[in-house]
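Some notes on the structure that comes next.
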There are 2 protein chains.
Amino acid sequence: MERKTEKGEMKNDTLLEKGMEILWSKGYNATSINDIVEAAGVPKGSFYFYFKSKEDFTVKAIEKYFGTMFPPALEVLQNKSVSPKQRILDFYEFRSQVLKDELNCKMGCMACNLASEMAEHNEEIRKAIEVKTQLVNTYITEAVEEAQEYGEIDTTLNAADLVAFLEDAGKGAMVTMKERNSAYPIDNFMSMVRKLI
Amino acid sequence: MERKTEKGEMKNDTLLEKGMEILWSKGYNATSINDIVEAAGVPKGSFYFYFKSKEDFTVKAIEKYFGTMFPPALEVLQNKSVSPKQRILDFYEFRSQVLKDELNCKMGCMACNLASEMAEHNEEIRKAIEVKTQLVNTYITEAVEEAQEYGEIDTTLNAADLVAFLEDAGKGAMVTMKERNSAYPIDNFMSMVRKLI
DNA sequence: ACCAAAAATATGACCGGTCGTCTAGTAAAC
DNA sequence: GTTTACTAGACGACCGGTCATATTTTTGGT
């Protein structure tokens, strides 16, 4: 891919960007190659010049998703001018705001959507998601461990287990948000997180 | 449907039963009508005699899912020979065991899978799921309220909010179970529930 | 009880369309 | 001119759904 022209690089990026939005909204099986190329304004035949397959595209879209969506939240999580516990709360608040304000309580999390739909049917996609979410959990766990050292969070709770639980709760809240077509599950999640940690 | 023959009733049931398993495993868009009729051993044209459309089938499968999967758990939840808090714990334990032992940590929850995949794209399916999960949450909330009256559960926590949070956490744990191909998220959920209530 | 006709139930071939992928051909770069 | 990059449209498979026809069940008469 490093030998592509500048024009090709742009097409590749546009396909990924526009295609990722559709994949995020509709899921894997309801997203056709035609949907993607139409959204990107790229000829259909070109798709296979840039990506080996629909699966290859999806794996790359997952990488792009985490590369785009997570760094701003990570900045909040690693803002050392704030206490560790507050950083964690700010982190979840930040993500809640994105869900509510930027995504209008729709779409949820692309990785969760794809995991739910595809994890048992496509190993490459499952692995691509697992690698990234494990990494996210590691970052959050570090912050929780710091908060425990500061005495801000109960040390009888294993940090990694607590984070896994909270991340699962966040995932579930996003599914319910779609099911209820409501921000309540997200707000309820935030409210509970404040009470629990 | 009340005018069907006995043979027809059996075919209808077989389509629903076998089709529900496939829908549960593969999701809506990856399940074709042909998948369903093949699994049920019913001719394809007959499918449309029994169901108006793929969507109609899915709505009925959702009803069957809750009608089949929930009553046994509800029995556990409403077992008055046990204290309310213990009933709730037994209830979640029961559902965890089903996930791990009967479903081998696969498939998760059909309703969650479908909600994640379809809620934003098909209103009939979304509503069918919402009605049922609201009902489930109501039952659990009643048990939590009883436990609060017995002083078993902290009354500063709103029962419905607590239940919504726990149910979301369970949903997320099932997604992560599929993503990790592991029972850890389910076990972690149970462990956290015991600590939180 | 039996039978023919009517009504109800069931079905298989077909429909028009979409799907992911491929490749001969064209365009762009060097 | 040669090499590399890109693409239009064809391919075979599959999709949800239709409906004329086939089959089964019910009804009513004897």
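Numbered from 1 within each chain, the chains take letters A, B, ... in sequence-line order. Nothing here was measured: the structure is a model prediction, and the numbers come from that model. Values below: all heavy atoms of this structure, side chains included; hydrogens, waters and symmetry mates excluded.
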For B/I36 and D/dG17, give me the distance from atom CD1 to atom P, rounded to whole Å. 10 Å
B/K85 charged N/C atom sitting above B/Y150 aromatic ring, 6.0 Å / 45°: no
Quick one: is A/S32 getting a side-chain N or O under 4.0 Å of the C/dC19 phosphate, OP1 or OP2? yes
Measure from NZ on B/K7 to C1' on D/dT25 and round the result to the nearest Å. 10 Å
Nearest whole Å is fine: how far is D/dT7 C1' from A/Y48 OH? 14 Å
Classify the side chain of B/K52 and the base of D/dG17 as holding, or not holding, a donor-acceptor pair under 3.5 Å. no
Quick check on the hydrophobic clustering: are A/V175 and B/L135 connected, directly or via other members, by side-chain heavy-atom contacts under 4.5 Å? no
Between the base of D/dG9 and the side chain of A/K44, is there any donor-acceptor pair under 3.5 Å? no
Round to the nearest Å and state the distance from B/F49 atom CZ to D/dT24 atom P. 14 Å
Can you identify which nucleotide, out of D/dA8, C/dG12, C/dT21, has its nearest atom closest to the B/P43 side chain? C/dG12
Go nucleotide by nucleotide along DNA chain C from the 5' end; which of A/D35 and A/S46 gets its closest nucleotide reached first? A/D35
When the distance from CG of A/N34 to P of D/dA8 is rounded to whole Å, what number comes out? 12 Å
Do B/F70 and B/V131 belong to the same hydrophobic cluster, where Ile, Leu, Val, Met, Phe, Trp and Tyr are linked whenever their side-chain heavy atoms lie under 4.5 Å apart, directly or via other members? no
Could you check how far CZ of A/F57 sits from P of C/dT21, rounded to whole Å? 12 Å
Evaluate the ring planes of B/F57 and B/F47, with Trp represented by its six-membered ring, and classify them as parallel (under 30°), tilted (30 to 60°) or perpendicular (over 60°). tilted
Can you measure A/Y50 atom OH to D/dT4 atom P for me and round it to whole angstrom units? 16 Å
Just how far, in rounded Å, is C1' of C/dT18 from CG of A/N29? 14 Å
B/P71 and B/F66: which non-hydrogen atoms are nearest, and at how many Å? CD-O, 3.3 Å
The side chain of B/K11 lies closest to which of these nucleotides: C/dA10, C/dT21, D/dT7? C/dA10
